[in-house]
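Right, one structure below, let's go through it.
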Amino acid sequence: MSFPLLTATAAVPAVGAILTAAVPAARRTAAKWLALLVSLATLVLAGVVFGRFEPGGERYQMTESHSWIKDFGVRYELGVDGIGVALIALTALLIPFVILAGWHDADPLETSSKRWRPTQGFFALILMVEAMVILSFEATDVFLFYILFEAMLIPMYFLIGGFGDRAHSGSDENAAAQRSYAAVKFLLYNLVGGLIMLAAVIGLYVVAGNFSLTEIAEARANGSLEMATSTERWLFLGFFFAFAVKAPLWPLHTWLPNAMGEATAPVAVLITAVVDKVGTFAMLRFCLGLFPEASKWATPAIIVLALISIVYGALVAVGQRDIKRLVAYASISHFGFIILGIFAMTTQGQSGATLYMVNHGISTAALMLVAGFLISRRGSRLIADYGGVQKVAPVLAGTFLIGGLATLSLPGLAPFVSEFLVLVGTYVRYPVAGVIATTGIVLAALYTLVLYQRTMTGPVKEEVRTLPDLRPRELAVVVPLIALLIFLGVFPKPLTDVVNPAVQHTMSDVQQKDPQPEVEAAK
């Protein structure tokens with residue numbers, strides 16, 4: 001293509017971030033509207049990318065390639081497959097809702113000059129994260145991907161540490177300390193993973209002589225590039241460790257509850273529904289694509305870790321007293337399902353895992369943003385501080401219920417399709433793992449329904465009697481997300497048509513075929 005569509009899709013939010021940050025401090029509302037318009041323009045471009053992608057065409061489409069650091073063979077190389085297209089669409093779709101939901105989250109506080117928040121910076125950082133995430137889904141040069149993988153930590157660090165949740169039970173000083181701790185923990189965990197990945201990236205260059213994903217994959221396929229078994233396994237572990245931190249996978253998950261708990265609800269959505277998807281996406285594109293034999297070698301251990309994530313995350317969610325930390329641990333359980341589907345090495349499992357990335361993003365956004373609206377009204381994240389909300393704010397309670405039912409993968413809502421595919425795809429190759437994973441469904445029903453019961457039903461607590469119902473801006477955030485959950489729950493074909501061919505390519509990379517069902521001969 002003569003027009004660099006992929007570059008434009010990432011460049012629009014990047015330029016928009018600069019322009020938003022440059023808006024004069026006195027014109028906060030103008031900065032908000034500018035950020036929203038930029039996010040909508042990005043959504044239009046992402047829609048064009050989705051519309052122009054041909055599922056039956058070349059594996060990587062709308063490609064761009066330019067020399068960047070010639071002496072080291074680094075190129076600015078972009079291309080999208082079906083998995084990347086789906087996740088670009090998810091990212092571009094969620095950012096306008098994140099901006100609308102956080103419309104007042106960075107307004108200055110009249111009661112404390114020490115906690116003045118630069119509104120323009122808040123929205124500029126969101127747009128910068130969007131640009132980096134979209135570009136990471138497009139990058140087919142390993143070094144370019146690594147730069148983006150690490151660079152997105154910087155704006156996220158400031159969003160967590162500088163714009164934390166105002167609903168904090170302690171003093172301003174204690175709240176600031178908790179935000180700082182969560183931001184530093186997020187940064188350190190991901191930096192350590194990134195440094196280990198850097199060593200693996202350098203090792204890959206030494207072995208392959210370039211950073212191009214497509215060239216390395218072609219060389220592996222035609223036999224012109226051979227890796228020693230031990231080398232491939234060490235390189236795989238370097239990449240996988242970084243992606244497992246980002247995902248996050250047990251036991252590298254502990255930064256997520258802190259980060260989501262202390263961040264504002266829109267930033268919490270940005271973390272788990274957008275940024276963390278880069279980790280699971282990279283497992284499919286880089287771990288399986290570059291190191292197929294090592295991926296199969298590590299599969300048993302990764303499946304065990306995924307199962308622990310599913311059960312552990314759900315069990316801890318059951319015992320949470322903080323609404324946002326409950327959603328965080330539920331997300332850890334859901335990421336366990338995604339990783340389980342990826343490494344089940346079946347078309348159903350990997351298709352389900354990709355759909356799960358998209359559907360989890362939408363369902364978590366719906367639940368967390370409604371929870372954020374609730375928390376901002378009451379000023380508390382503690383479940384025990386609520387009760388009887390459905391009697392005073394029925395629309396808020398109803399949308400909260402639908403978001404919760406999507407989280408537990410109720411049939412008819414989008415996550416059910418993806419979770420079902422993951423479980424079927426796992427069971428046909430690893431029956432025991434498939435059975436164990438189903439316990440996550442039971443536990444999800446428990447923590448979701450108990451949360452709803454304790455916050456929305458029962459006698460109306462005095463502190464919630466005056467809570468207003470959802471306002472028009474908040475309805476504009478929630479209603480489209482719920483509509484998408486229902487639409488994709490009954491008609492997932494638009495996504496499956498795009499994703500399935502890319503999954504077939506990934507299965508070909510690892511030289512795996514679906515197990516054939518065993519049918520007993522008729523007597």
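Just so you know, residue 1 is the first one in the sequence shown, and it goes up from there. Small disclaimer: the values here were computed from a predicted structure and weren't measured.
Here the closest non-hydrogen pair linking V38 and V12 is CG1-O, 3.6 Å. Considering every non-hydrogen atom in both M128 and A17, the closest pair reads CE-CB, 3.7 Å. Nearest heavy-atom pair, P468 versus A393, reported as atom, atom and distance to 0.1 Å: O-CB, 4.1 Å. Shown here for S295 and C287, the closest heavy-atom pair between the two residues is OG-O, 3.0 Å. Contact between F186 and N190 at its shortest, heavy atoms only, is O-ND2, 2.8 Å. Taking each heavy atom of G425 and A344 in turn, the nearest pair found is O-CB, 3.9 Å.
Listed by chain and number, the residues in a side chain to side chain contact (heavy atoms under 4.5 Å, CB included) with V184 are Y157, S180, L188 (sequence neighbours excluded). With sequence neighbours left out, D385 forms a salt bridge (Lys or Arg N to Asp or Glu O under 4.0 Å) with no residue at all. Taking D276 as the reference, nothing meets the side chain to side chain donor-acceptor pair (under 3.5 Å) condition, with sequence neighbours excluded. Residues satisfying the salt bridge (Lys or Arg N to Asp or Glu O under 4.0 Å) test with K277, not counting sequence neighbours, are none. By the side chain to side chain donor-acceptor pair (under 3.5 Å) test, R377 is found to be paired with E474, residues two or more places apart in sequence or in another chain being considered. Partners of Y189 under the side chain to side chain donor-acceptor pair (under 3.5 Å) rule, at least two apart in sequence or in another chain, are T254. Under the rule for a side chain to side chain contact (heavy atoms under 4.5 Å, CB included), the partners of P55 that lie at least two apart in sequence or sit in another chain are F53, V498, P501. In terms of the salt bridge (Lys or Arg N to Asp or Glu O under 4.0 Å) criterion, residue partners of D497 (sequence neighbours excluded) are, by chain and number, K493. Residues passing the salt bridge (Lys or Arg N to Asp or Glu O under 4.0 Å) test with R59, sequence neighbours excluded: D509.
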- Message: The test is side-chain contact (heavy atoms from CB on, under 4.5 Å); show your working for W103 and W33 and say whether it passes.
- Response: CA-CA 9 Å; W103 200 252; W33 279 106; 3.7 Å; yes
- Query: When you look at M152 and V278, which way does the side-chain contact (heavy atoms from CB on, under 4.5 Å) test go after all the steps?
  - Reply: CA-CA 10 Å; M152 69 180 67; V278 176; 4.1 Å; yes
- Task: Output, in order, the C-alpha distance, side-chain angles, deciding distance and verdict of side-chain contact (heavy atoms from CB on, under 4.5 Å) for H104 and K32.
- Result: CA-CA 9 Å; H104 298 298; K32 297 174 184 179; 3.7 Å; yes
- Please walk me through it: do Y430 and L340 pass side-chain contact (heavy atoms from CB on, under 4.5 Å)? CA-CA 10 Å; Y430 303 103; L340 180 66; over 6 Å; no
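Side-chain atoms of T438 and Y427, non-hydrogen and from C-beta on, never get closer than 4.5 Å to each other. Between V318 and V450, the closest side-chain pair of non-hydrogen atoms is not below 4.5 Å. Using a 4.5 Å cut-off on side-chain heavy atoms (C-beta onward), F240 and M283 make contact. Between T9 and E138, some side-chain heavy-atom pair lies under the 4.5 Å cut-off. Between S376 and D105 there is no side-chain heavy-atom pair separated by less than 4.5 Å. Between M260 and R325 there is no side-chain heavy-atom pair separated by less than 4.5 Å. Looking only at side-chain heavy atoms (C-beta outward), I339 and S309 stay at 4.5 Å or farther from each other. Side-chain contact between T272 and V327: absent, with no pair of heavy atoms (C-beta onward) separated by less than 4.5 Å.
Within a 6.0 Å sphere centred on CZ of F97, heavy atoms belonging to other residues, nucleotides or ligands number more than 12.
Atom-to-atom distance recorded for L90:CG and F281:CZ is 12.5 Å, nearest 0.5 angstrom. A distance of 8.5 Å separates CG of L159 from CD1 of I271, quoted to the nearest 0.5 Å. Remark: L270 CG to I99 CD1 distance equals 9.5 Å, nearest 0.5 Å. The distance from the OG1 atom of T20 to the CD1 atom of I126 is 10.0 Å, given to the nearest 0.5 Å. Taking NE2 of H505 as the reference point, atom CG of D81 lies at 8.0 Å (rounded to 0.5 Å). In this structure, the separation between OG on S351 and CG on N500 is 4.0 Å, given to the nearest 0.5 Å.
Side-chain atoms of E262 do not come within 3.5 Å of backbone N or O of A183 as any donor-acceptor pair. T455 places no side-chain N or O within donor-acceptor distance of the main-chain N or O of I383, the cut-off being under 3.5 Å. R473 contributes a side-chain N or O that, together with a main-chain N or O of L100, makes up a donor-acceptor pair within less than 3.5 Å. Under a 3.5 Å cut-off, the side chain of T506 and the backbone N or O of A502 do form a donor-acceptor pair. Looking only at distances, no side-chain donor or acceptor of K391 sits under 3.5 Å from a matching main-chain atom of P459. Checked by atom type and distance alone, the side chain of R285 pairs as donor or acceptor with a backbone atom of A139 at under 3.5 Å. Side-chain atoms of R381 come within 3.5 Å of backbone atoms of G261 as a donor-acceptor pair (strictly under, hydrogens ignored). Between the side chain of Y447 and the main chain of V316, no donor-acceptor pair closer than 3.5 Å is present. A donor-acceptor pair under 3.5 Å is formed between the side chain of R429 and the backbone N or O of M345. Within the 3.5 Å criterion, the main-chain N or O of H360 finds a donor-acceptor partner in the side chain of S363.
Defined by atom type and a distance below 3.5 Å, a donor-acceptor pair is present between the side-chain atoms of Y452 and Q390.
Evaluation of the side chain to side chain donor-acceptor pair (under 3.5 Å) test over residues 339-349, restricted to residues two or more places apart or in two chains, returns T347-D514.
Looking at V358, V80, V274 one by one, the single match for side-chain contact (heavy atoms from CB on, under 4.5 Å) with L87 turns out to be V358. Here the rule is side-chain contact (heavy atoms from CB on, under 4.5 Å) with Q350, and of L284, V499, I83, L355 only L284 fits it.
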Taking only distance into account, with no hydrogens and no angle test, what donor-acceptor pairs under 3.5 Å do side-chain atoms of residues 243-253 form with protein atoms, sequence neighbours excluded?
residue : atom : partner : partner atom : Å
K246    : NZ   : F149    : O            : 3.3
H253    : NE2  : Y312    : OH           : 3.4

Report, one line per pair, each donor and acceptor closer than 3.5 Å where one atom sits in a side chain of residues 396-422; sequence neighbours left out.
residue : atom : partner : partner atom : Å
T399    : OG1  : V395    : O            : 3.0
T399    : OG1  : L396    : O            : 2.9
T407    : OG1  : G403    : O            : 3.0
S409    : OG   : E419    : OE1          : 3.0
S418    : OG   : N359    : ND2          : 3.3
S418    : OG   : P415    : O            : 2.9
E419    : OE1  : Y356    : OH           : 2.5

